[in-house]
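As a basis for the values below, the full set of heavy atoms in this structure was taken, side chains included, without hydrogen atoms, waters or symmetry mates.
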Amino acid sequence: MADIKLAPSILSADFARLGEHVAEVTDAGADMIHVDIMDGHFVPALTWGPRTVEAIRRWTHLPLDVHMMVENPERHVDSFVDAGADIVTVHFEACVQLHWTVDRIRSRGARAGVAISPGTSVAAIDEALPWLDQVLVMSVNPGLPGQKFITSSPQKIARVRELLRQRGSEAVVEVDGGVNADTAPLVAQAGAKVVVAGSAVFDYPDGIEAAVRLLKERLGAGT
């Protein structure tokens with residue numbers, strides 16, 4: 001269990017209490033904070049910009065895992081790294097100059113990730129793997145709320161893990177979308193090392209601390 005990191009997604013937090021919720025999941029034992037950036041173009045929803053990242057940076061010592069669901073993400077790398085992002089993940093489907101963008105992220109001192117949507121083949125990122133620190137497998141379609149976990153996602157996670165092994169890459173596999181107490185063991189068993197959870201943390205009826213504890217237990221059950 002110790003080697004699987006839990007990254008609560010603040011997209012499900014109370015926006016009026018965002019800093020407090022970030023502090024609460026930090027104290028509860030989360031391993032990083034997942035920040036979804038949406039531009040209303042690559043995905044329908046619209047969320048935050050660099051100033052939000054800068055604001056929540058003051059509420060936690062944990063790494064900020066910034067997931068950029070935006071068109072032309074290369075235009076925004078510098079501003080998010082300057083705001084405090086420790087990890088910047090861009091979507092394969094949105095990034096025309098992927099190598100340049102990843103190189104820019106890493107040259108700024110952040111870790112670089114690439115996300116793939118459910119309809120994107122694992123093989124599409126094969127050539128990019130040597131450049132990456134993280135591969136994010138979306139287990140729902142990005143930017144659309146209320147979706148259920150796609151049941152074929154564990155098989156996709158396992159294919160990414162095998163491809164990383166074949167390429168000799170040390171990049172970790174992250175999974176995002178529909179993760180809860182029931183699906184957490186499935187993604188852990190498939191080889192995910194970073195697990196994003198939103199409503200399963202912030203909407204859990206027994207509170208955030210209990211949610212983090214339960215998810216960590218369930219992730220350990222899948223290893």
Is atom CD of Glu170 surrounded by more than 12 heavy atoms (other residues, nucleotides or ligands) closer than 6.0 Å?
-> no

Would you indicate whether the side-chain heavy atoms of Thr89 and Asp65 approach each other to under 4.5 Å?
-> yes

Where do Ala181 and Leu214 come nearest, in terms of heavy atoms and distance?
-> CB-CD2, 3.9 Å

Gln189 atom CD, neighbour heavy-atom count above 12 within 6.0 Å | no

Joint cluster assignment, Val196 & Val172, ILVMFWY side-chain distance < 4.5 Å | no

Please confirm whether the backbone N or O of Leu164 pairs with a side-chain atom of Ser169, one donor and one acceptor, at under 3.5 Å?
-> no

Closest non-hydrogen atom pair between Ser12 and Ser199, with its separation | OG-N, 3.1 Å

Exercise: identify the closest heavy-atom pair between Ala192 and Ile157 = N-CG2, 3.7 Å

Cationic N near anionic O, under 4.0 Å, Arg108 to Asp82 | yes

State, with a plain yes or no, whether a side-chain heavy atom of Leu18 is found less than 4.5 Å away from one of Trp59.
-> no

Taking the side chain from Thr183 and the backbone from Gly178, do they hold a donor-acceptor pair closer than 3.5 Å?
-> yes

Minimum side-chain heavy-atom gap Asp182-Phe149 below 4.5 Å = no

Do Phe92 and Leu98 come within less than 4.5 Å of each other through their side chains, counting heavy atoms only?
-> yes

Closest heavy-atom pair, Ala83 versus Pro50, reported as atoms and distance to 0.1 Å, is CB-O, 3.3 Å

ILVMFWY cluster, Ile33 and Val88 together (side-chain gap under 4.5 Å) | yes

Other residues, nucleotides, ligands: >12 heavy atoms within 6.0 Å of Glu71 CD = yes

Interatomic distance, Thr60 atom OG1 to Glu24 atom CD [nearest 0.5 angstrom] = 12.5 Å

Passes side chain to side chain contact (heavy atoms under 4.5 Å, CB included), Val35 versus Phe80? Steps please.
-> CA-CA 11 Å; Val35 185; Phe80 280 102; over 6 Å; no

May I have the step-by-step check of side chain to side chain contact (heavy atoms under 4.5 Å, CB included) for Arg58 and Val22, ending in yes or no?
-> CA-CA 10 Å; Arg58 297 192 292 269; Val22 167; over 6 Å; no

Could you tell me the separation between the OG atom of Ser153 and the CG atom of Leu186, rounded to the nearest 0.5 Å?
-> 9.5 Å

ILVMFWY network linking Leu62 to Ile37, side-chain heavy atoms under 4.5 angstrom = yes

Hey, is the main chain of Leu6 close enough, under 3.5 Å, to the side chain of Lys216 for a donor-acceptor pair?
-> no

Main-chain N/O of Gly119 paired with Ser117 side-chain donor or acceptor, under 3.5 Å = no

Is the shortest distance from a Lys or Arg side-chain nitrogen in Lys193 or Asp31 to a carboxylate oxygen in the other one below 4.0 Å?
-> no

Carboxylate-amine/guanidinium contact Arg165 Glu162, below 4.0 Å | yes

Just by distance, do the side chain of Asp133 and the backbone of Ala112 share a donor-acceptor pair under 3.5 Å?
-> yes

Look only at the side chain of Gln147 and the backbone of Asn141, and say whether a donor-acceptor pair between them is shorter than 3.5 Å.
-> yes

Test Val160 against every option in Leu129, Leu136, Val122 by the side chain to side chain contact (heavy atoms under 4.5 Å, CB included) rule and name the one that passes.
-> Val122

What are the two closest non-hydrogen atoms of Asp39 and His41, and how far apart are they?
-> OD1-N, 2.8 Å

Same apolar cluster (I L V M F W Y, side chains within < 4.5 Å links), Val179/Ile150 = no

So do His34 and Val194 actually touch side chain to side chain, heavy atoms under 4.5 Å?
-> no

Do Met68 and Val102 share a hydrophobic cluster, counting only Ile, Leu, Val, Met, Phe, Trp and Tyr and linking them when any side-chain heavy atoms are less than 4.5 Å apart?
-> yes

Just wondering, do His67 and Ser9 contact through their side chains at under 4.5 Å, heavy atoms?
-> no

Could you please spell out the steps behind the side chain to side chain contact (heavy atoms under 4.5 Å, CB included) verdict for Trp48 and Leu11?
-> CA-CA 10 Å; Trp48 310 289; Leu11 190 62; 4.2 Å; yes

Got Asp176 and Asp36 here, is their nearest side-chain heavy-atom distance under 4.5 Å?
-> yes

Tell me, with the steps shown, if Tyr204 and Leu215 meet side chain to side chain contact (heavy atoms under 4.5 Å, CB included).
-> CA-CA 11 Å; Tyr204 190 64; Leu215 284 169; over 6 Å; no

When rounded to the nearest 0.5 angstrom, what is the spacing between CG in Asp126 and CZ in Arg167?
-> 4.5 Å

Judged by atom type as modelled, is there a donor-acceptor pair below 3.5 Å linking the side chain of Arg218 to the main-chain atoms of Asn180?
-> no

Measure from the side-chain N and O atoms of Thr47 to the backbone N and O of Met38, and report whether any donor-acceptor pair falls under 3.5 Å.
-> yes

What's the spacing between Glu93 CD and Met69 CE if we round to 0.5 Å?
-> 11.5 Å

Taken to the nearest 0.5 Å, the spacing of Glu20 CD from Ile56 CD1 works out to 14.0 Å

Does the side chain of Asp86 come within less than 4.5 Å of Met32's, by heavy atoms?
-> no

In short, Gln155 meets Thr151 closest at the heavy-atom pair OE1-O, 3.5 Å

Would you check, one step at a time, whether the test salt bridge (Lys or Arg N to Asp or Glu O under 4.0 Å) holds for Arg104 with Asp78?
-> CA-CA 8 Å; Arg104 182 63 183 175; Asp78 286 353; 2.7 Å; yes

Give, for atom NZ of Lys156 and atom OG of Ser121, the distance between the pair rounded to the nearest 0.5 Å.
-> 7.5 Å

